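One-based numbering, in listed order, for ligands and for the atoms of each. Quantities reported herein were computed from a predicted structural model and do not represent experimental measurements. Here, residue 1 is the first one in the sequence, and each next residue gets the next number.
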Amino acid sequence: MQCQNYGITRNLERENLNLNPLQRGGVLPAVSRQALYDYGDGYSVCDYCAGRLDEISKPNIMGFLDDLAKFINVDLVRTVHGAREGKFAIMHALCKPGDYIVVDGNAHYTTHLAAERIGLNIIEVPNSDYPEYRIRSEKYREVLENAIDDKKDIKLALLTHVDGNYGNLTPETEIGKICQDAGVPIVLNCAYSMGRLPIDAKSFNMDFVVGSGHKSMAASGPIGVLGMKEEWGEQLLIRSSRHTNKEIEMLGCTSRGAPVATLMASLPYVMERVEKWEEHLQLAQKFAAEMEKIAGVKQLGIKPTLHDLVRFETPAFHKIAQNHPRRGFFLYEELKKRKIVGIKRGQTEWFKCSIYGMTPEQVDYIVQAFHEIAQSK
Ligand SMILES: *Cc1c(COP(=O)(O)O)cnc(C)c1O
């Protein structure tokens, strides 16, 4: 049998400006590309392991985890394989099948799947609907209190810090307090925030935070961050009775090579860019405002946006598609001609995008391209 090369070459990120929000925060700095190369072999971080991944000192995973814990202000931190695995581990440790959890209405599908995998019932806090789709703390309180009055034993609450549909930033500190006062532990899902904007789990009143290395922390991934308050360590990081130094929810060891090596190599870079979040945000707000100058382009979600992921409804482009020989593909193709990618092919009614990490000149170029394309017939 002869194998082909499966098309395993990629130059998209090198040759284009990529607007796909999923990919903006996961681009590696040069130092992490080197780490990716050095740690590409399987089990590469295990050269000097004495049985606990989180305690390896060469490379210094232990020191890295200490710094990471300080960076997001938690007592205990572990790496997992992604934000979803972090949420699953928390739900699995705190809940049993049939239990109830409260979740915001903009939660990621992986929150739903993690709950489903365990057999949990989800009580949802609705968003404010079109056009803002906002999650309000009063609504969160109302749904939580009603569920408790209903004699439901709520084992856990989850809040999506920034959702992947509208890029809405939620009032985490208020909602954390509401849950704390109700005696319900709460997880903040920071997949789109940790590594972009400052996370302070304690001042946010959070019991747990999860993050995504490949989404927002400039890591190759798959890798996630799971942080918690001291008091949850005993329950979540319980050890095996048979393999007494191995943590059960972590299945012993989690990230065992390049994913953790790139996350480690990127941490100083990530800490620095988080300090500059205000600048990143201003550029995103300017981008959204310039896009809205096109008649028939409107930003959805909270305005001005509080995150770089922005969603637009774009009747302007949809109208052009109706009569264009390339129909719905014209937008993708016109952008591609200008070396701009990351908007889904064939989609013209709406799209979401992010200019995170781009220079103001690159953003100007993109804005101009959209303005030009809006003039097409
Ligand atoms: C991308 C995303 C996830 C999934 O992150 P993984 O690290 O790939 O598991 C979870 N939640 C939100 C809000 C996301 O945007």
Same apolar cluster: L156 and F88, side chain cutoff 4.5 Å: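 In one cluster with L156: F88, yes.
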How does [X] reach ligand 1, if at all, at less than 4.0 Å between non-hydrogen atoms: by side chain, backbone, both, or neither?
X    : result
N189 : side chain
K215 : side chain
A83  : both

Ligand 1 N/O within reach of [X] N/O, cut-off under 3.5 Å:
X    : result
E85  : no
Y192 : no
T160 : no
H214 : yes

Whether F208 and W232 hold their rings parallel, tilted or perpendicular, with breakpoints at 30° and 60°: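 The rings of F208 and W232 sit tilted, inter-plane angle from 30° to 60°.
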H307 and W277 aromatic ring geometry - parallel, tilted or perpendicular at 30°/60° bounds: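 Because their plane-to-plane angle lies in the 30° to 60° range, the rings of W277 and H307 count as tilted.
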Residues, nucleotides or ligands: over 12 heavy atoms within 6.0 Å of Q368 CD: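 Atom CD in Q368 is not crowded, with 12 or fewer foreign heavy atoms closer than 6.0 Å.
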Heavy-atom neighbours of R239 CZ exceed 12 at 6.0 Å: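 Correct, the count exceeds 12.
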Heavy atom of H81, distance to ligand 1 below 4.0 Å: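 Heavy atoms of H81 never come under 4.0 Å of ligand 1.
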Minimum-distance protein heavy atom relative to atom 10 (C) of ligand 1: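 Its nearest protein heavy-atom neighbour is H108 ND1, 3.2 Å.
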Atom 9 (O) of ligand 1: the protein heavy-atom neighbour that sits closest, reported with distance to 0.1 Å: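 Here the closest protein heavy atom is R84 NE, 2.7 Å.
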Numbered atoms of ligand 1 (with element) below 4.0 Å of A191, judged on heavy atoms: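 Answer, ordered by atom number: 2 (C), 3 (C), 10 (C), 11 (N), 12 (C), 14 (C).
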Pair S216-R196, side-chain donor/acceptor within less than 3.5 Å: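 The answer is yes; a qualifying pair exists.
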